[in-house]
Amino acid sequence: MKVALVGYGTVGKSVYKMLEKAEGLTPGKVLVLPEFYTAPFQTTDYNDILNDAETEAVVECITDIKCGYEYAKAALEKGKHVVSSSKAMVAVYGPELNKLAREKGVAFLFGAACGGSMPILFALSQSRQMDEVQSVSGILNGTTNYMLDSMQRKGCTYEDALKVAQELGYAEADPTADVSGQDPLRKIMLACAVAYGVLPVDGLNREGIESLTAADVNHFAPKGKVCRLIAKGGKNDDGSVYAYVEPVLFPKNAPECSVLDNNNLAKSVCKYNGSLVMIGQGAGGDPTASNVLRDLINIKTGYCHFLPAKCEEGAAHNENDVHRYYVRADEKDLALFPAEEVEQTGDVYRLITAPIAVSKMHQLAADIRAEGRKVFFAAVAE
Ligand code: HSE
């Protein structure tokens with residue numbers, strides 16, 4: 001199968017390299033912007049790809065959401081399979097492109113958009129068809145895991161850890177998407193879309209690691225706690241979906257704490273299958289490209305859709321999931337939280353709360369910040 005590419009950045013270069021060696025796949029043209037044109041296998045005219053009858057599939061791996069969508073849509077309309085690694089694009093246009101692909105009788109897969117190298121979405125789409133997915137959760141951002149791990153094990157500062165993660169090619173072009181939790185939130189949105197046919201776009205809660213300090217990490221260590229950024233999605237008892245991202249404190253022997261560097265961990269819990277955990281490279285050119293290649297091989301075997309035929313946007317309902325939280329806050333805000341333990345160091349207060357609903361905890365933090373004060377929180381894994 002001849003495969004064209006849109007984009008020749010970190011992922012695109014690795015995909016091209018792997019296509020040259022893969023069994024039954026050959027690289028076609030690569031669309032690049034005029035300023036990046038360097039070789040004859042590249043083109044600056046998308047029509048060279050769209051009008052090439054031998055090109056059966058297009059891999060879309062660019063950052064721009066709208067352009068990525070336009071390229072993907074045009075390829076599907078021409079009857080070509082589309083594989084995307086662009087989580088931001090699929091988290092907006094996934095349901096529409098899924099519908100179009102099905103109308104045109106071609107594939108639309110995006111395994112590399114969630115979990116780097118790991119076939120999380122592939123496994124979830126199979127589970128949806130044969131089982132009942134109860135929840136999916138884990139470490140879905142390599143950049144922040146690299147940062148948290150470097151701060152904890154090597155004593156790096158937040159800024160230095162982020163700089164190295166950028167140099168190693170883990171971070172997004174704008175790393176705000178990583179540290180704010182937007183990137184793992186998009187991934188858990190996609191996981192929900194695959195598992196439940198609902199892409200949650202409203203009611204989501206997101207807390208990244210921007211408010212975390214080295215002092216917090218130093219406070220956790222003697223207590224045997226390790227902080228990880230966790231994305232979680234699942235089904236409530238009433239059939240609605242929940243989806244959120246927040247830091248979580250784990251006891252140091254928990255599996256999440258042995259996930260080092262840029263690795264990711266994804267855990268799905270299904271009614272019949274029970275729980276299944278995958279650990280693997282969550283970011284970087286080659287690992288992400290390997291998931292793109294997996295999609296292409298799946299297409300050759302006739303596996304064409306992660307999303308169910310009916311997949312629509314919906315709302316997340318995060319009122320039912322409750323956790324105890326570690327909260328670092330000013331004295332003025334202490335009364336907002338039902339505290340079970342309080343520790344004071346100078347004018348810094350650290351408390352462990354009684355169980356609070358996820359949506360309530362995120363709202364309390366937003367209210368405090370709206371008044372210009374600082375707060376950090378992390379759920380305490382039980
Ligand atoms: N910036 C992303 C991450 C890349 O750090 O996980 C992989 O999706």
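Read the numbers this way: they start at 1 and go in the same order the structure lists the ligands and their atoms.
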Asks: Out of all atoms in ligand 1, which are within 4.0 Å of some heavy atom of Tyr170? Include the element for each.
Replies: 1 (N), 2 (C), 3 (C), 4 (C), 5 (O)

Asks: With a cut-off of 4.0 Å, which atoms of ligand 1 are near a heavy atom of Lys187?
Replies: 2 (C), 3 (C), 6 (O), 7 (C), 8 (O)

Asks: Is the CG atom of Asp238 crowded by more than 12 outside heavy atoms at less than 6.0 Å?
Replies: yes

Asks: List ligand 1 atoms under 4.0 Å from Thr143, heavy atoms only on the residue side.
Replies: 1 (N), 3 (C), 5 (O)

Asks: Write out the residue and atom name of the closest protein heavy atom to atom 1 (N) of ligand 1, then the distance separating them to 0.1 Å.
Replies: Glu172 OE2, 2.6 Å

Asks: Say whether Gly142, considering both its backbone and side-chain N or O atoms, lies within less than 3.5 Å of an N or O atom on ligand 1.
Replies: yes

Asks: Assess the pair Phe122 and Tyr303: is the distance between their ring centroids shorter than 6.0 Å?
Replies: yes

Asks: Using only heavy-atom distances, determine whether the side chains of Asp45 and Thr43 contain a donor-acceptor pair under 3.5 Å.
Replies: no

Asks: Side chains of Asn98 and Arg102: donor-acceptor distance under 3.5 Å anywhere?
Replies: yes

Asks: Suppose we measure from atom 8 (O) of ligand 1 to each protein heavy atom; which comes out shortest, and what is that distance?
Replies: Lys87 NZ, 2.6 Å

Asks: Examine ligand 1 and decide if any of its atoms is less than 4.0 Å from a heavy atom belonging to Gly282.
Replies: yes

Asks: Tell me which part of Asp183 gets within contact of ligand 1: side chain, backbone, both or neither, using heavy atoms under 4.0 Å.
Replies: side chain

Asks: Check ligand 1 against Asp178 and write out every atom of the ligand that is under 4.0 Å from a heavy-atom position of the residue.
Replies: 1 (N), 2 (C), 3 (C), 5 (O)

Asks: State yes or no: are the ring centers of Tyr16 and Phe41 separated by less than 6.0 Å?
Replies: yes

Asks: Are the aromatic ring centres of Tyr46 and Tyr71 under 6.0 angstrom apart?
Replies: yes

Asks: For ligand 1, note which part of Asn141 has a heavy atom under 4.0 Å away: side chain, backbone, both or neither.
Replies: both

Asks: For Phe36 together with Tyr8, are the ring centres under 6.0 Å from each other?
Replies: no

